[in-house]
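Computed from a prediction, not measured in an experiment: that's the story for all the values here.
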Amino acid sequence: MSQKDSKVLQQSGVIPYRVREGKIEVLLITTRNRQEWVVPKGGICNGMSPPESAAKEAWEEAGVIGQVETYEIGCYKYRKQGNIYQVRMFLLPVQTILEEYPEVNQRKRQWLDISKAIRCVRSKSLKRMFKTLKNQDKNSESRTHNSE
């Protein structure tokens, strides 16, 4: 195996979420090819921090805007087309949902309660991060009200 093959490419992504009637919902998007449910993620842009780059991906892929939390909720690796990617994940409390965004015609998006989202995603790492968020659901109302 050459050195190029063993290089781990860095990415960042977000779990877009909102609180509705005291319950946390997450926004899932489809991949372009297999139509699996995933979350926005992509390569870290030059000159941007991982949270800033993840916010850009959320806008491009899902049409959502908010202030990405700088605390890393988790990290996972995956392999695609012979490359290994490491994705640093952050939470994104969604403030704005756009109707027009760069990949609007390439992906579907859907808001789901966390339990349903856990069942929809294939990645074990994403399932684990959703479960962490679900465990925080009990605090969501007080956290939301305290930040207003």
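- Here the side chains of Leu98 and Trp59 are in contact, with some heavy-atom distance below 4.5 Å.
- Across every non-hydrogen atom of Met129 and Gly74, the tightest pair is SD-CA, 4.0 Å.
- Comment: Glu61 does not engage Lys41 in a salt bridge, judged by the lack of any side-chain N to carboxylate O separation of less than 4.0 angstrom.
- With values rounded to the nearest 0.5 angstrom, Ser12 atom OG is found 10.0 Å from Lys56 atom NZ.
- Residue Val64 is not grouped with residue Val39 when hydrophobic side chains (ILVMFWY) are merged at heavy-atom distances under 4.5 angstrom, including chains of intermediate members.
- Distance check: Met89 CE to Ser125 OG gives 10.0 Å after rounding to the nearest 0.5 Å.
- Both Leu126 and Leu112 are part of a single hydrophobic cluster, where members link through side-chain heavy atoms under 4.5 Å apart.
- Transitive grouping of hydrophobic side chains (ILVMFWY, heavy atoms separated by less than 4.5 Å) brings Trp37 and Leu91 into a common cluster.
- For the atom pair CD of Gln11 and CD of Glu57, the computed distance is 8.0 Å after rounding to the nearest 0.5 Å.
- Heavy-atom contacts from other residues, nucleotides or ligands closer than 6.0 Å to CD of Gln67 number 12 or fewer.
- The NZ atom of Lys23 sits 15.0 Å away from atom CZ of Arg20, with the distance rounded to the nearest 0.5 Å.
- In this structure, Arg18 contributes its side chain and Val94 its backbone to no donor-acceptor pair below 3.5 Å.
- Put simply, the side chain of Tyr17 does not reach to within 4.5 Å of the side chain of Leu92, judged on heavy atoms.
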How far apart are the C-alpha atoms of Phe130 and Leu28, what are their side-chain angles, what is the distance that settles it, and do they pass the side-chain contact (heavy atoms from CB on, under 4.5 Å) test?
CA-CA 11 Å; Phe130 285 175; Leu28 296 183; 3.7 Å; yes
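- Taken to the nearest 0.5 Å, the NZ atom of Lys80 stands 11.5 Å off from the CG atom of Leu9.
- One finds the CZ atom of Phe90 at 11.0 Å from the CD1 atom of Ile15 (value rounded to the nearest 0.5 Å).
- With a 6.0 Å radius and a threshold of 12 heavy atoms from other residues, nucleotides or ligands, Lys116 has its NZ atom at or below the threshold.
- The minimum heavy-atom distance between Gly13 and Val87, with the atom names listed, is N-CG1, 4.0 Å.
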Hey, mind stepping through Gln35 and Lys108 against side-chain contact (heavy atoms from CB on, under 4.5 Å) and telling me if it holds?
CA-CA 8 Å; Gln35 299 301 299; Lys108 296 175 192 166; 4.3 Å; yes
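- Linking ILVMFWY residues whenever their side-chain heavy atoms come closer than 4.5 Å, directly or via other members, places Ile73 and Ile114 in the same cluster.
- At a threshold of 4.5 Å between side-chain heavy atoms, the hydrophobic network of Ile, Leu, Val, Met, Phe, Trp and Tyr places Val38 and Val26 in two separate groups.
- Under the 3.5 Å distance criterion, the side-chain polar atoms of Arg109 are matched with a main-chain donor or acceptor of Ala62.
- Two residues are said to be in side-chain contact when any heavy atoms from C-beta on lie closer than 4.5 Å; Ile118 and Val121 fail this criterion.
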